[in-house]
Amino acid sequence: MDKVVATAAEAVADVPDGATLAVGGFGLSGVPNVLIQALYERGTGGLGVVSNNCGAMESGLAVLLAAGRIARVTGSYIGANKEFARQYLSGELEVEMIPQGTLAERLRAGGAGIPAFYTPAGVGTQVADGGLPWRYDGEGGVALASPPKEVREFDGTEYVLERGIRTDFALVRAAQGDRHGNLVFNKSSRNFNPLAAMAGRVTIAEVEELVEPGEIEPDAVHLPGIFVQRVVALTAEQAADKMIEQRTVSR
């Protein structure tokens, strides 16, 4: 039951080229930067990433993106990531954009063993009808577009069928974890982390504080250890290394 791995490098050592990854975080909050850096140093490439966004301010997944290690992104936000936009528009990167709530539910459904579900989000748009550019040809044309999805009516309202998401691995960050893999997330860093962890067949969690089994009250557990296969304890310096995306101050 002891799922602790000595180093981040050891934890990601079996992630192969071409693997699919569900990655927690939103902006700079709750991003598993140490595990991502370990993947970068290992040289793993051709990755298919499922995450709300693909890194920001040259941190998180932006490290892998800038190095050309990501082949496909499934997400809901590009934001101010200029390298992401450049690779997408130039045809270097395949991108599936999904409504944010749908992305969250697709991850949760995959982790819960639900193959698909119906949602009203996207009905009447290219999300349901197809035609969203997944890959450009580098000359302004569309090389690959999204296919149409099944639409069905329930009680007079139309819903689109969305597939649950399962990935080979998941990378997440938690404020606290025990040796059995039970995790607690701090405030907004809870974001996509539990959902990504559920979706991964092998989930690796970096934790800011490692505690012994029983030290976390059962009612305080945000994600049960059944969803986590490996735990990496961060050093105090790694745990404290947190960037601010938008610093706002007053006089």
Side-chain angles (χ1 to χ4, degrees), residues 1-25 28-51 54-55 58-72 107 110-111 166-186 189-190 192-216 221-243:
M1 289 292 291
D2 191 342
K3 300 175 181 179
V4 175
V5 180
T7 65
E10 183 180 343
V12 302
D14 60 345
V15 179
D17 291 344
T20 55
L21 304 174
V23 183
L28 301 182
S29 177
V31 179
N33 287 311
V34 175
L35 291 171
I36 291 170
Q37 183 65 29
L39 265 184
Y40 169 77
E41 292 173 359
R42 186 172 181 272
T44 309
L47 298 168
V49 171
V50 182
S51 185
C54 202
E58 300 179 352
S59 70
L61 288 170
V63 173
L64 294 173
L65 184 73
R69 307 282 181 77
I70 297 177
R72 191 179 198 276
L107 288 165
R166 291 285 278 161
T167 59
D168 300 322
F169 293 85
L171 309 179
V172 300
R173 180 173 181 136
Q176 191 178 59
D178 66 19
R179 292 181 179 275
H180 291 175
N182 298 302
L183 303 180
V184 177
F185 303 94
N186 184 30
S189 66
R190 193 168 174 179
F192 276 85
N193 274 299
L195 307 171
M198 292 174 68
R201 294 181 176 87
V202 175
T203 293
I204 310 167
E206 60 179 61
V207 300
E208 297 173 12
E209 180 188 11
L210 178 66
V211 300
E212 296 302 318
E215 290 189 44
I216 302 175
V221 172
H222 292 151
L223 184 79
I226 189 68
F227 291 109
V228 179
Q229 282 69 49
R230 301 170 194 168
V231 176
V232 178
L234 302 182
T235 65
E237 183 179 6
Q238 289 171 329
D241 185 17
K242 299 177 182 178
M243 300 173 67

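- In this structure a side-chain-to-backbone donor-acceptor pair under 3.5 Å is present from Arg42 to Val15.
- With a 4.5 Å cut-off on side-chain heavy atoms, Glu212 and His180 do not count as touching.
- Two residues are said to be in side-chain contact when any heavy atoms from C-beta on lie closer than 4.5 Å; Val12 and Ile204 meet this criterion.
- Contact record, Thr203 with Gly200: OG1-O, 3.5 Å, taken as the closest heavy-atom pair.
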**OP:** Check the pair Leu234 / Val34 against side-chain contact (heavy atoms from CB on, under 4.5 Å), numbers first and verdict last.
**Re:** CA-CA 8 Å; Leu234 302 182; Val34 175; 3.7 Å; yes

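- For Leu28 against Met243, the heavy-atom pair with the smallest separation is CD1-CB, 3.8 Å.
- Considering only heavy atoms from C-beta on, Val221 stays 4.5 Å or farther from Asp178 through its side chain.
- Under the 4.0 Å criterion applied to side-chain N and carboxylate O atoms, Arg179 and Glu215 are not assigned as salt-bridge partners.
- Of all heavy-atom pairs between Val228 and Ala205, the closest is CG1-CB, 4.2 Å.
- From Asn186, atom CG reaches atom CD of Glu209 across 11.0 Å, with rounding to the nearest 0.5 Å.
- Ion pairing between Arg230 and Glu10 fails under the 4.0 Å rule for side-chain N and carboxylate O.
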**OP:** For Asn33 and Asp241, run side-chain contact (heavy atoms from CB on, under 4.5 Å): C-alpha distance rounded to whole Å, both residues' side-chain angles, the deciding distance at 0.1 Å, then the answer.
**Re:** CA-CA 9 Å; Asn33 287 311; Asp241 185 17; over 6 Å; no

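- Nearest heavy atoms, Gly24 versus Ser51: O-OG, 4.4 Å.
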Original post:
Should Asn182 and Leu223 be marked as a side-chain contact (heavy atoms from CB on, under 4.5 Å) after you check the CA-CA gap, both sets of side-chain angles, and the distance that decides it?
Top reply: CA-CA 6 Å; Asn182 298 302; Leu223 184 79; over 6 Å; no

**OP:** Start with the C-alpha distance between Lys3 and Gln229, add both sets of side-chain angles, then the distance that settles side-chain contact (heavy atoms from CB on, under 4.5 Å), and finish with yes or no.
**Re:** CA-CA 6 Å; Lys3 300 175 181 179; Gln229 282 69 49; 5.5 Å; no

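- In terms of heavy-atom proximity, Gly111 sits nearest to Phe227 at O-CE2, 3.8 Å.
- Summarising the geometry of Val23 relative to Val49, their closest heavy-atom pair is CG2-CG1, 4.3 Å, with the distance given to 0.1 Å.
- Annotation: side chain of Ile70 is in contact with side chain of Cys54 (closest heavy-atom distance under 4.5 Å).
- Remark: side-chain polar atoms of Asp17 are paired, donor with acceptor, to backbone N or O of Gly45 under 3.5 angstrom.
- Using a 3.5 Å distance cut-off with no hydrogens or angles, the side chains of Thr20 and Asp168 do pair a donor with an acceptor.
- Annotation: the span from Phe169 atom CZ to Leu39 atom CG amounts to 9.0 Å, rounded to 0.5 Å.
- By the 4.5 Å heavy-atom criterion applied to side chains, Val211 and Gln176 are counted as neighbours.
- The closest side-chain heavy-atom distance from Val172 to Pro32 is not below 4.5 Å.
- For the pair Arg173 and Glu208, the minimum side-chain heavy-atom distance is below 4.5 Å.
- How far CG of Asn193 is from CZ of Phe185: 5.0 Å, rounded to the nearest 0.5 Å.
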